[in-house]
Visitor: 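Got a structure for you, questions after.
In what follows, chains carry the letters A, B, and so on, assigned in the order in which the sequence lines appear, proteins first and then strands, with residues in each chain numbered from 1. These figures come from a predicted structure and were not determined experimentally.
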2 protein chains.
Amino acid sequence: MDSKRATVRDLRRRNRSTLLSTLFFDGPLSRFELGQRTGLSAATVSTVVAEMAEDRLVVEAGLVESDGGRPRVLLRVNPTYAHVVGVDVGETGVTMELFDLALTRLAAHTRPLPPPRPAPALVGPLIAAGLTELLDQAGVPESSLLGIGIGVPGTVEQGATVRVHAQAIGWDAIAVAELLGDSGVTAPLFVENGAKTQGQAEMWFGAGRGARHAVIALIGSGVGATVITDGTTYRGSTSSAGEWGHTSLIYGGRACRCGAFGCLEAYVGAEGILDRYRKARGGRAIPRPDEQSQLDFLLTAADRSAPAAAIIEETVGYLGAGIANLINLFNPERIVLGGWAGLALGTRLLPDIRRATADHALRHAYDRTSIDLCRLGPDAVAVGAATLPVEALLTSGTDPRTRSRLQDAQQNA
Amino acid sequence: MDSKRATVRDLRRRNRSTLLSTLFFDGPLSRFELGQRTGLSAATVSTVVAEMAEDRLVVEAGLVESDGGRPRVLLRVNPTYAHVVGVDVGETGVTMELFDLALTRLAAHTRPLPPPRPAPALVGPLIAAGLTELLDQAGVPESSLLGIGIGVPGTVEQGATVRVHAQAIGWDAIAVAELLGDSGVTAPLFVENGAKTQGQAEMWFGAGRGARHAVIALIGSGVGATVITDGTTYRGSTSSAGEWGHTSLIYGGRACRCGAFGCLEAYVGAEGILDRYRKARGGRAIPRPDEQSQLDFLLTAADRSAPAAAIIEETVGYLGAGIANLINLFNPERIVLGGWAGLALGTRLLPDIRRATADHALRHAYDRTSIDLCRLGPDAVAVGAATLPVEALLTSGTDPRTRSRLQDAQQNA
DNA sequence: TGCCTTAATTTGCGACTTAAAATTAGTCTA
DNA sequence: TAGACTAATTTTAAGTCGCAAATTAAGGCA
């Protein structure tokens with residue numbers, strides 16, 4: 001069915017990849033433990049580790065004392081082997097962060113973008129300029145860059161040329177590689193939907209750690225989800241899977257900005273919630289400057305105002321039904337609720353949300369799913385983007401910088 | 001991350017598996033073509049094929065004439081290498097079918113079950129007795145059985161012991177292996193949810209052929225779905241994924257037999273449709289004996305009766321929204337609509353259903369999804385069940401009969 | 001019959017993992 | 001402080017595997 005040929009060299013690559021990955025996520029570990037966890041023989045662990053140590057990809061990290069017997073040497077991924085940059089292209093600004101290989105933040109900055117529709121041609125130079133500044137700031141040479149991950153709002157179609165469809169900022173089928181085409185940036189680029197990078201960050205370092213099947217449900221002004229199946233982000237056939245916000249919750253209900261009616265987003269997205277609240281107030285504006293504080297206002301008001309409480313209660317019900325749909329369809333072991341609005345609702349109402357979910361989900365699946373809150377917050381988009389080059393390194397076991405050259409060579413052949 | 005060790009032997013197994021699979025699905029093929037399709041070298045193809053020919057798993061199937069040069073020898077999977085049995089355990093009866101390895105039906109029969117709740121203890125002996133009869137009928141020795149696939153209504157929890165939760169027939173956490181425990185059946189058992197086996201049949205031999213990402217949407221009295229991601233059935237963490245029928249379509253709407261309100265099933269399941277129609281008729285019964293003819297009656301009535309037409313139009317709308325949810329969440333390349341009610345609706349109303357779906361789905365994803373009808377019908381549950389042992393053979397490249405012994409040995413070690 | 005073309009097999013090689021043996025690097029004991 | 005002891009690595013010696021190149025097989029054609 002799948003036509004992946006397998007040579008004996010692929011074997012090595014794969015073993016290298018599993019060893020590197022276990023070291024990255026569960027390290028530091030000794031060679032002995034590595035053998036146990038991966039099922040590989042001590043001999044193989046030894047030779048492969050030696051190879052990676054030769055490349056300076058893996059370094060020693062102290063000893064474990066023993067009660068008699070040779071002490072185990074701890075190994076870990078070398079944080080300074082290379083660096084990665086994560087870029088969060090938002091609707092109003094671009095945040096860039098520089099990390100070492102262990103994803104420790106070394107430098108960061110944010111540049112505003114002219115709203116509402118920043119021309120793609122503008123973003124390229126902005127990133128290029130921001131990049132050199134970032135590198136200068138941390139004293140990291142550009143040659144040390146493993147890659148640059150870019151999180152964008154909108155769907156990203158992976159393929160020969162990566163194309164971005166971001167209706168939110170008016171990008172239609174933009175080829176990202178061209179944005180940085182002539183700016184002299186040579187590091188490999190990895191582009192992905194911002195919600196998906198945020199979800200990946202949550203999976204690697206947040207509430208998703210260790211889960212093989214999970215859904216990261218993100219609620220901000222809009223609503224999206226990242227679906228993790230078997231440890232990897234599910235993309236579907238054209239990378240637009242997980243559009244949870246635009247599933248029908250109330251057939252023929254409120255108009256949604258996607259053009260359809262009754263979408264979940266129109267009910268539990270911050271904009272939808274506040275709009276409903278405004279209507280309940282007889283059209284009076286909510287006396288706060290921005291969406292976040294308006295939602296806070298609503299949540300506080302719910303303690304004393306019946307209409308506000310009703311809106312919240314409804315919202316919790318809708319959200320529960322929406323989450324139940326995720327459970328019934330994907331049967332994950334964990335749901336992680338995030339996004340700024342998701343966190344605002346969740347921190348105060350998680351038990352209610354759980355109850356509402358139970359009312360709508362099938363018992364069997366619900367009982368086997370935990371519902372937790374995000375641990376990283378919306379600024380995790382950049383970290384998540386930065387994980388992309390690291391992921392490429394881990395899954396291939398080889399440096400994407402050299403690999404891309406190889407791929408080019410193969411394509412020319 | 002994943003701790004699959006990779007020895008040099010696994011390599012062979014994997015290549016054997018890919019060769020066998022391509023031969024099974026795309027055969028007959030010559031060694032030369034096999035090499036091209038799998039990317040393996042001619043040498044490897046030759047040796048691996050020789051091995052499989054030695055086992056009589058693969059046999060020659062004629063020549064391709066050539067215009068000069070040695071003619072290519074066509075190869076195919078040996079249909080008589082082994083046989084498989086597919087069992088469809090339904091609410092009212094058990095259908096059993098015997099196939100050769102090419103899934104050609106050799107014998108079949110159906111036994112009624114005492115409704116409404118056949119005791120599990122009853123089903124075991126029924127299958128055992130039916131099995132010997134089936135084998136006698138076709139003159140196939142039991143030793144030739146590669147395995148027995150069983151499709152059951154309800155969720156099947158795969159694990160050390162396979163457990164079935166089938167509320168429809170009152171089975172709760174039944175360990176299937178025990179059903180046949182002392183009946184002397186030695187062939188490996190494979191148990192799976194009936195909707196999933198039907199979906200698999202559709203993927204192998206029906207409208208799903210060739211798709212990597214697809215959803216088989218099944219509408220009968222109830223509603224279910226099989227989700228295919230990357231060519232394999234998606235099960236989720238506890239095998240209960242794809243419960244499309246119990247996703248909320250209308251928050252707080254009609255009561256569903258699952259206990260929740262507003263489930264899709266309550267609107268587009270045959271029972272739900274007919275119930276709504278009955279209400280529209282002021283409570284008068286539909287003058288037909290069973291659900292299928294009642295639905296036909298409704299569909300025909302729609303041509304001349306406004307209330308009937310309204311029910312159908314509503315149903316199409318609901319169904320469109322439900323399908324749109326599948327598209328938005330899973331982003332498949334193909335939706336296959338099936339089940340007896342799904343077919344009844346689809347054959348007359350597919351264009352309308354497509355339109356309704358377009359109204360609710362995101363443009364980008366909808367444009368890249370085709371919506372087709374099932375080609376096999378509801379009796380495909382048994383064929384689908386029979387594919388399970390074949391699938392085990394294809395993905396492992398080795399005979400599940402010997403493999404299970406190996407696994408036992410490993411577990412004891 | 002002999003030459004040409006293409007398919008399949010055989011051969012020689014480099015690469016890989018593993019089990020077992022050897023080595024190494026500590027702790028413990030007297 | 002010199003063994004004795006213990007347990008982690010490394011080396012060594014098979015045994016496999018897939019591949020490229022070289023052969024061999026099986027026809028067509030003149």
Side-chain angles (χ1 to χ4, degrees), chain A residues 3-20 23 27-54 58-75 397-398 410 413, chain B residues 3-20 22-23 27-54 58-76 397-398 410 413:
Chain A
S3 55
K4 283 265 180 59
R5 86 213 177 103
T7 88
V8 82
R9 303 285 270 285
D10 298 323
L11 240 183
R12 169 72 113 200
R13 257 194 292 282
R14 203 172 122 189
N15 285 340
R16 207 176 138 118
S17 159
T18 49
L19 284 172
L20 193 57
L23 217 44
L29 291 171
S30 70
R31 285 173 241 259
F32 183 77
E33 289 167 303
L34 272 176
Q36 293 199 316
R37 296 200 188 208
T38 59
L40 288 166
S41 72
T44 303
V45 172
S46 215
T47 55
V48 175
V49 164
E51 220 177 80
M52 294 192 293
E54 170 77 15
V58 165
V59 291
E60 302 197 347
L63 298 180
V64 176
E65 72 214 52
S66 72
D67 42 343
R70 180 172 177 171
R72 302 176 180 181
V73 178
L74 289 180
L75 302 164
T398 50
Q410 282 182 346
Chain B
S3 55
K4 283 265 180 59
R5 84 213 179 104
T7 88
V8 80
R9 303 288 267 285
D10 298 323
L11 239 183
R12 173 70 117 205
R13 256 195 294 282
R14 202 172 122 189
N15 284 340
R16 205 176 140 119
S17 159
T18 50
L19 284 171
L20 192 57
T22 33
L23 217 46
L29 292 170
S30 69
R31 287 172 239 260
F32 184 77
E33 288 167 305
L34 271 176
Q36 293 199 315
R37 296 201 189 207
T38 59
L40 288 166
S41 73
T44 304
V45 172
S46 216
T47 55
V48 175
V49 164
E51 222 177 78
M52 295 193 293
E54 170 78 14
V58 164
V59 291
E60 301 197 348
L63 296 181
V64 177
E65 73 216 51
S66 70
D67 40 343
R70 179 174 178 171
R72 301 177 180 181
V73 179
L74 289 180
L75 302 165
R76 62 170 170 168
T398 51
Q410 282 181 347

Visitor: Look at the side-chain N and O atoms of B:N15 and state whether any lies under 4.0 Å from the OP1 or OP2 oxygen of D:dC17.
Guide: no

Visitor: Using modelled atom types and a 3.5 Å cut-off, is there a donor and acceptor pairing between side-chain atoms of B:R16 and backbone atoms of B:G397?
Guide: yes

Visitor: Within this structure, what is the CD-to-C1' distance between A:E51 and C:dT17, rounded to whole angstrom?
Guide: 13 Å

Visitor: Rounded to whole angstrom units, what separation is found between the CZ atom of B:R72 and the C1' atom of D:dG28?
Guide: 16 Å

Visitor: So does B:L40 get a backbone contact from the side chain of B:T44, meaning a donor-acceptor N/O pair under 3.5 Å?
Guide: no

Visitor: Between A:R9 (CZ) and C:dC13 (P), how many Å, whole number?
Guide: 17 Å

Visitor: Once you round it to whole Å, what is the distance between C1' of D:dA8 and CG of A:L34?
Guide: 13 Å

Visitor: Counting heavy atoms from C-beta on, name the nucleotide in D:dC19, D:dC17, C:dT18 closest to the side chain of A:V8.
Guide: D:dC17

Visitor: Starting at CG of A:L11 and ending at C1' of C:dG14, how long is that distance when rounded to a whole Å?
Guide: 14 Å

Visitor: Expressed in angstrom and rounded to an integer, what is the separation of B:E60 atom CD from C:dT9 atom C1'?
Guide: 14 Å

Visitor: Has A:T38 got a side-chain atom pairing as donor or acceptor with A:L34's backbone, closer than 3.5 angstrom?
Guide: yes

Visitor: Does the salt bridge (Lys or Arg N to Asp or Glu O under 4.0 Å) test come out yes or no for B:R76 and B:E60, once each step is laid out?
Guide: CA-CA 6 Å; B:R76 62 170 170 168; B:E60 301 197 348; over 6 Å; no

Visitor: Check step by step if side-chain contact (heavy atoms from CB on, under 4.5 Å) holds for A:R12 and A:T47.
Guide: CA-CA 10 Å; A:R12 169 72 113 200; A:T47 55; 3.6 Å; yes

Visitor: Just N and O in the side chain of A:T44: are any of them under 4.0 Å from OP1 or OP2 of C:dT18?
Guide: yes

Visitor: Which residue lies toward the 5' end of DNA chain C, A:R13 or B:V45, if each is placed at its nearest nucleotide?
Guide: B:V45

Visitor: With respect to the side chain of A:F32, which nucleotide from D:dT9, C:dC16, D:dT16 is positioned closest?
Guide: D:dT9

Visitor: Specify the separation, in whole Å, of atom CG of A:L19 and atom C1' of C:dC16.
Guide: 14 Å

Visitor: Taking for each residue the nucleotide of DNA chain D with the nearest heavy atom, is it A:R31 or B:L63 whose nucleotide lies nearer the 5' end?
Guide: A:R31

Visitor: Taking the side chain of B:S46 as heavy atoms from C-beta outward, which of C:dA8, C:dT18, D:dC17 is closest to it?
Guide: C:dA8

Visitor: Counting just side-chain N and O atoms, does A:T7 come under 4.0 Å of either OP1 or OP2 of D:dG18?
Guide: no

Visitor: Could you tell me whether the phosphate oxygens of D:dG18, OP1 or OP2, come under 4.0 Å of any side-chain nitrogen or oxygen in B:R12?
Guide: yes

Visitor: Heavy atoms under 4.0 Å, any strand shown: does A:T47 hit a base, just sugar-phosphate, or nothing?
Guide: nothing

Visitor: Answer with base, sugar-phosphate or nothing: what part of the nucleic acid does B:V73 contact at a heavy-atom distance below 4.0 Å?
Guide: sugar-phosphate

Visitor: Find the distance B:R16:CZ to D:dT16:P and express it as a whole number of Å.
Guide: 15 Å

